[in-house]
Each structure stands twice: as C-alpha cells, then as structure tokens.
Q: 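Take a look at the following structure, please.
Chain naming here is simple, since letters A, B, ... match the order of the sequence lines and numbering starts at 1 in each.
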Amino acid sequence: MPELPEVETVVRSLRPQLLGRRITAVELPTRAMNGSSGNLLQRLLSGPPEVFQERLCGARVKGIRRYGKNIVMTLDRKGNLPAGSSLLIHLGMTGRLVFEHVPEPLRPHTHVIFSLDRSGCWLHFSDPRRFGKLRLMGNDFHELNRLGPDPMEISCDEFCRRLHSRCARLKSLLLDQRFLRGLGNIYADESLARARLHPAAIGARLSRRRSAALYQAIREVLAQAIALGGSSISSYVDAAGRAGWFQQAHQVYGRTGEPCFRCGAGIRRLVIASRSTHYCPRCQRAGRPQARETAARGRMAR
DNA sequence: TGGAATGTTCGGCT
DNA sequence: AAGCCGAACATTCC
C-alpha cells in the first residue's frame with residue numbers, strides 16, 4: 001500500500017479521529033496464535049511486545065506527520081513513556097491502518113488494535129506480509145536522518161545538484177530513499193514517464209533542462225496522486241476505509257503491453273534494481289526522446 | 001507450479 | 001567508493 005501519496009493520505013485520514021486521543025489499551029491478537037508468532041511479533045514491533053504495550057498505554061497522540069514513507073506519531077509524556085517519544089509506523093508492502101467500530105480483528109493478520117478514549121472506535125493495524133514496522137522511538141531520529149530530502153520540499157537547484165553527482169540509473173536513484181524520501185516503484189515509473197525519460201538513463205548525464213523536467217514531473221505526479229487519495233492497486237485503503245483513484249491515471253505502471261496514451265506504442269517492462277520497471281519505448285528514449293510527436297498525434301486522432 | 005506483488009536491508013561482486 | 005545484483009523477510013494471488 002505505501003508510497004508517499006498513500007502514506008500522506010493515511011496520515012490525513014488518521015488525524016481527525018486520532019489527534020488528542022489517549023491510547024487506553026493495546027491488543028496484540030496474533031501474539032499467542034502459535035510458537036513462531038512470538039518472534040514474528042517481536043520483529044514487527046522491534047522489541048518485546050510487553051514493553052510496546054506498557055509504554056504506549058496511557059499515552060496521548062500530540063501530532064501525526066509523514067516522513068518519507070513513515071508515519072510519525074508524537075506522544076506526550078504519560079506513565080511509562082520517556083520524554084519526547086514517538087511511535088514510528090512503516091506500512092511495508094501490505095500494512096493497513098484502519099478505524100473499525102469493534103475491538104476484535106476483522107481480517108486475518110491483524111497484529112495490533114489500539115483502544116482510544118472518547119472515540120467510539122478502534123485503530124486496527126493489519127499486515128499479511130509483515131514487512132511493516134511499528135517502533136517506539138525516543139529522541140533518536142538517526143534512522144530517519146539517513147533518508148534524503150522530501151521531493152515536495154526540495155528546491156529544483158538542490159535536486160539537480162544531487163542528481164548530477166550520481167552515476168546510477170534514474171530508476172535506481174528514484175527508488176533510493178537516501179536520494180529522495182517517499183518514492184517507490186509506482187511513482188518512480190510514473191514520474192519518469194511524465195518526464196519522458198528512460199529509466200536506465202544516467203543521472204549525472206542529464207541536461208539541466210531534463211533534470212528540471214524530472215523534478216517537475218515528480219512533484220506533479222505526487223500532487224495529483226495525493227489529490228486522488230493514492231493508488232489502490234491491491235488492497236490499499238486509508239484510515240477511513242476509502243480506496244484511492246490514482247491507479248486509473250497511471251500512464252505506465254502495470255500497463256505492460258497496453259498502448260501508450262500519448263503515442264500508441266506498447267508499454268514495455270524491464271527489470272532495474274531488481275524491480276519491475278514500466279516505460280514507453282517511444283516516448284522515453286535513452287538518447288533523444290520525443291521525436292515522433294507529429295506521427296503520434298495522427299495515430300491518436302484515429 | 002512458478003512468478004510477481006505498492007519495501008528495506010544485507011552480503012558479495014566489479 | 002559507488003553501483004549493481006540477488007537473497008532474505010512472509011503471504012497472497014494469478
């Protein structure tokens with residue numbers, strides 16, 4: 001579920017119900033299910049489940065924000081919680097945070113259920129593949145400090161400087177969270193498609209003009225995706241259970257073999273950085289892109 | 001049956 | 001050093 005637009009959408013939908021609420025209980029439904037579950041839960045919570053429960057009980061949610069693909073909940077000091085603590089949540093590949101009206105699991109792989117005061121609902125965390133993480137942090141943000149700038153905050157000049165200092169392929173760079181925080185496989189492909197750049201093009205070799213085009217494309221794709229509530233490609237929903245609509249605006253992701261909306265050529269798939277990469281072989285040329293505009297227009301008209 | 005899936009991290013190689 | 005690759009993590013879906 002989770003790239004920058006999806007996480008941003010989840011954060012926004014969490015706020016109304018969660019801001020200012022106190023966590024009154026933390027249930028861990030999968031804890032006692034079988035022998036291996038204990039270890040798996042330990043991994044999910046980055047520590048002993050009991051500590052996670054004890055520390056969080058009684059804490060009040062002061063703030064909720066997104067940092068790359070992470071959700072950061074700042075908590076006020078209550079009971080067992082050290083000062084300046086935050087709950088860091090990464091949704092991994094299939095993690096979901098959804099408000100439900102019952103305190104019992106409604107789906108398999110519901111690992112955490114938060115009870116809240118004065119709300120009449122419970123916050124459920126589920127994650128079939130368990131690539132997600134919930135971890136309590138003190139003031140040590142060193143994990144987050146390793147991440148690169150937010151694509152919506154960085155300036156064009158700074159983006160170009162970073163780009164020109166790297167010899168890696170564009171697709172690899174966009175997936176690298178130390179280069180930019182928040183892009184994943186969908187939005188890397190969609191951004192490159194919008195900028196009409198080949199995914200295997202080398203960052204340091206891009207002209208200033210094309211670098212700026214990539215910068216713009218990333219911001220436009222992300223802004224549009226956020227406006228549409230993210231991409232629901234398998235089961236992603238926000239905290240209110242609503243699906244996103246940006247998957248209907250995808251130009252290349254998941255469209256292998258289908259015609260490019262711009263020129264009609266078949267969308268191709270290749271593997272870069274061990275990830276599936278989708279692009280239009282005509283619009284996204286390695287050398288000189290977009291030479292076929294007139295012919296493309298003619299084809300589209302028919 | 002095998003492969004792929006919106007992610008991150010690791011070790012090994014060039 | 002920088003970049004690349006594959007494996008690992010765990011589960012579901014086609």
Side-chain angles (χ1 to χ4, degrees), chain A residues 1-10 30 33-46 66-71 88-97 107-111 126-135 142-144 146-148 162-192 199-205 221-222 225-226 228-238 243-257 269-278:
Chain A
M1 110 175 201
E3 294 181 39
L4 188 153
E6 290 76 34
V7 179
E8 179 65 28
T9 303
V10 170
T30 54
M33 274 177 58
N34 59 57
S36 61
S37 249
N39 295 330
L40 295 170
L41 198 57
Q42 180 116 357
R43 197 177 308 150
L44 177 74
L45 304 178
S46 305
R66 178 187 61 75
Y67 197 92
K69 299 174 189 172
N70 297 277
I71 299 168
L88 189 68
I89 301 178
H90 196 296
L91 298 171
M93 202 82 104
T94 54
R96 287 197 193 209
L97 275 172
R107 57 181 60 248
H109 313 292
T110 299
H111 305 300
S126 60
D127 183 10
R129 286 176 72 179
R130 302 187 211 236
F131 290 169
K133 284 264 182 299
L134 292 84
R135 91 160 46 199
H142 52 78
E143 292 257 330
L144 296 182
R146 308 182 54 212
L147 301 180
R162 291 175 74 81
L163 191 63
H164 295 156
S165 72
R166 300 288 297 268
C167 292
R169 293 174 289 184
L170 295 179
K171 175 64 183 272
S172 301
L173 281 179
L174 296 186
L175 288 178
D176 182 352
Q177 302 298 296
R178 290 164 310 189
F179 179 69
L180 279 185
R181 72 174 106 111
L183 291 191
N185 212 27
I186 297 176
Y187 297 102
D189 283 2
E190 291 299 317
S191 297
L192 290 168
I202 302 302
R205 293 218 280 261
V221 163
L222 293 178
I226 290 170
L228 292 180
S231 303
S232 289
I233 64 164
S234 72
S235 64
Y236 156 74
V237 291
D238 70 11
W245 294 98
F246 190 70
Q247 68 278 7
Q248 301 192 19
H250 288 177
Q251 303 295 298
V252 291
Y253 185 84
R255 298 193 62 243
T256 307
R269 173 188 182 277
L270 55 89
V271 173
I272 297 181
S274 308
R275 309 299 300 279
S276 196
T277 297
H278 314 75

Q: For R255(A), check side chain to side chain donor-acceptor pair (under 3.5 Å) against everything at least two apart and list the hits.
A: E258(A)
Q: Near DNA chain B, counting only heavy atoms under 4.0 Å, which residues of residues 164-173 of chain A show up?
A: none
Q: Going by side chain to side chain donor-acceptor pair (under 3.5 Å), name the residues that satisfy it together with E8(A), two or more places apart in sequence or in a different chain.
A: R12(A), R66(A)
Q: Restricting to ring pair (Phe, Tyr, Trp, His ring centres under 6.0 Å), what partner residues turn up for F246(A), sequence neighbours left out?
A: Y187(A), H250(A)
Q: Rounded to the nearest 0.5 Å, what's the gap from CG on L270(A) to OG1 on T277(A)? Could you check?
A: 5.5 Å
Q: Does L144(A) form a side-chain contact (heavy atoms from CB on, under 4.5 Å) with L88(A)? I'd like the steps, not just the answer.
A: CA-CA 10 Å; L144(A) 296 182; L88(A) 189 68; 4.0 Å; yes
Q: Give the stems involving DNA chain C, where a stem is 3 or more consecutive Watson-Crick or G-U wobble pairs (i with j, i+1 with j-1, and so on) under 3.5 Å.
A: B:2-5 with C:11-14, B:7-14 with C:2-9
Q: Who are the side chain to side chain donor-acceptor pair (under 3.5 Å) partners of N70(A), not counting sequence neighbours?
A: none
Q: Tell me every residue that passes ring pair (Phe, Tyr, Trp, His ring centres under 6.0 Å) with H278(A), counting only those two or more places apart in sequence or in another chain.
A: Y253(A)
Q: Classify the nucleic acid contact of S232(A) as base, sugar-phosphate or nothing, counting any heavy atom under 4.0 Å across all strands shown.
A: nothing
Q: Applying a 4.0 Å non-hydrogen cut-off, can you work out what K133(A) is touching in the nucleic acid: base, sugar-phosphate, or nothing?
A: nothing
Q: Identify, with sequence neighbours excluded, every residue that meets salt bridge (charged side-chain N to carboxylate O under 4.0 Å, His left out) alongside R169(A).
A: none
Q: Under the rule for side chain to side chain donor-acceptor pair (under 3.5 Å), what residues qualify as partners of S276(A), not counting sequence neighbours?
A: R269(A)
Q: Identify the two heavy atoms, one from R275(A) and one from L175(A), that lie closest to each other, and give their separation to 0.1 Å.
A: CG-CD1, 3.7 Å
Q: Give each protein N/O atom lying under 3.5 Å from an N/O atom of nucleotides 11-14 of chain B, with the pair distance.
A:
none

Q: Determine whether Y236(A) and T9(A) satisfy the following criterion, side-chain contact (heavy atoms from CB on, under 4.5 Å), listing intermediate values before the conclusion.
A: CA-CA 11 Å; Y236(A) 156 74; T9(A) 303; 3.2 Å; yes
Q: Using whole Å, report how far CD of E143(A) lies from P of dG7(B).
A: 18 Å
Q: Rounding to a whole Å, what distance do you find between R96(A):CZ and dA5(B):P?
A: 20 Å
Q: Can you build the contact string for nucleotides 8-14 of chain C? Use B for base contact, S for sugar-phosphate-only contact, and - for no protein heavy atom under 4.0 Å.
A: -BBBS--
Q: Taking dG6(C) as the reference, what is the distance to dG3(B) when you measure between their C1' atoms (whole Å, please)?
A: 16 Å
Q: For the pair made of CG in D189(A) and C1' in dA4(B), what is the distance, rounded to whole Å?
A: 15 Å
Q: Just to verify, what does H109(A) make a ring pair (Phe, Tyr, Trp, His ring centres under 6.0 Å) with, not counting sequence neighbours?
A: none
Q: Rounding to an integer number of Å, can you tell me how far Q177(A) CD sits from dG7(B) P?
A: 8 Å
